[in-house]
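Report on the following structure.
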Amino acid sequence: MNAGEDRPSRRRTASDQVEGVLLEAAQDVLDREGLAGVTVRAVAREAGAAPMSVYNRFGSKEGLLAALAVGTLKDLWHAVDVDRPDQPDRPRDPERRFREACDAYRQFALAHPQRYALVFGGGGPLAQTGSETSVYGHAAFEVLIELVQDLAGRAPEGFADVGEAAQVVWTALHGAVHLELGGIGQVSGSPDTYARTVDLLVRGLR
């Protein structure tokens, strides 16, 4: 199974439906109150369920947050994976794909700041090597590697391989998004700053 793909479809059970309701409730609490507001009791109350149902499905608050992170990474993977198989008639233009994916990354972060912080904040579930969260994180990163490979055609000069170049691209994008989300940029015009960051990356990869 491709790490970025959902698991094979199967008949949903009542237990699956409970899990979906709890995850949706947890996401609502996260979006509204931030990470500090996501407690087992708060999520259970939001879902209209008993706190024990959260423990039964996820084992702990940490398990619930890990499941939320996996869902966030799946959504981010889907957002940045432009020219997917469901868009077979779109011309394949490496620079357009790269720019659209970069823009999708920013738009996702701005639309879901709390989910973005959950995944990419220090010490979050993504940092747990070998976890399901890290598997989906790597799948999203593989999309970026493919975008860089298509645009550059090789490892850019000065880089050992395309993966190293992709890491630098991600560092730049994440840094720009982090500054914008925090409102700590030193000049006005965040969208222009981000677009110029992407311009610099494109020129450097050509």
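Heavy atoms only: backbone and side chains are in, while hydrogens, waters and symmetry mates are out. The first residue of the sequence shown is numbered 1, and numbering continues consecutively from there.
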| Neighbour count above 12 (heavy atom, 6.0 Å) for Arg41 CZ |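 No, not enclosed.
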| message | Using a strict threshold of under 4.0 Å (side-chain N to carboxylate O), is an ion pair present between Arg115 and Asp31? | response | no
| said: For Arg32, is there an ion pair with Glu46 - N to carboxylate O distance below 4.0 angstrom? | reply: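 Yes.
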Just so I know, are the side chains of [X] and [Y] near enough to count as touching, which here means a heavy-atom distance under 4.5 Å?
{"X": "Val21", "Y": "Gln17", "value": "no"}
{"X": "Thr193", "Y": "Glu180", "value": "no"}
{"X": "Val119", "Y": "Leu76", "value": "no"}
{"X": "Leu201", "Y": "Leu151", "value": "no"}

| query | Can you tell which of Asp150, Asp93, Asp103, Val202 makes a side chain to side chain contact (heavy atoms under 4.5 Å, CB included) with Phe98? | reply | Val202
| task | Test Val162 against every option in Leu147, Ile145, Leu144 by the side chain to side chain contact (heavy atoms under 4.5 Å, CB included) rule and name the one that passes. | result | Ile145
Cluster link [X] to [Y], ILVMFWY, side chain under 4.5 Å:
{"X": "Phe58", "Y": "Val40", "answer": "yes"}
{"X": "Leu64", "Y": "Val18", "answer": "yes"}
{"X": "Val168", "Y": "Val80", "answer": "no"}
{"X": "Leu68", "Y": "Tyr55", "answer": "yes"}

| request: Please state whether the rings of Tyr116 and Tyr105 are parallel, tilted or perpendicular, taking 30° and 60° as the class boundaries. | output: perpendicular
| query | Does Ser53 reach the main-chain N or O of Ala49 with its side chain, forming a donor-acceptor pair under 3.5 Å? | reply | no
| request: Indicate yes or no for a side-chain donor-acceptor contact from Arg154 to the backbone of Ala152 under 3.5 Å, with no hydrogens or angles considered. | output: yes
| request: Would you check if the distance from the ring center of Tyr136 to the ring center of Phe141 is below 6.0 Å? | output: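 For Tyr136 and Phe141, the ring centres are not under 6.0 Å apart.
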| Can the ring centroids of Trp77 and Phe108 be said to lie less than 6.0 angstrom from one another? |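 Ring-ring flag for Trp77/Phe108: false, centres at least 6.0 Å apart.
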| message | What verdict does the side-chain contact (heavy atoms from CB on, under 4.5 Å) test give for Lys74 and Val70, after you've listed the backbone C-alpha separation in whole Å, the side-chain angles of each residue and the deciding distance to 0.1 Å? | response | CA-CA 6 Å; Lys74 287 180 181 179; Val70 167; 3.8 Å; yes
| task | Determine, step by step, whether Leu200 and Thr197 satisfy the side-chain contact (heavy atoms from CB on, under 4.5 Å) criterion, reporting the C-alpha distance in whole Å, the side-chain angles of both residues, the deciding distance to 0.1 Å, and the verdict. | result | CA-CA 5 Å; Leu200 286 173; Thr197 300; 5.7 Å; no
| task | Could you please spell out the steps behind the side-chain contact (heavy atoms from CB on, under 4.5 Å) verdict for Glu33 and Val38? | result | CA-CA 7 Å; Glu33 302 178 25; Val38 182; over 6 Å; no
| request: Apply the test side-chain contact (heavy atoms from CB on, under 4.5 Å) to residues Gln27 and His112: give CA-CA distance (whole Å), side-chain angles for both, the deciding distance (0.1 Å), then the verdict. | output: CA-CA 10 Å; Gln27 183 173 308; His112 309 287; 5.6 Å; no
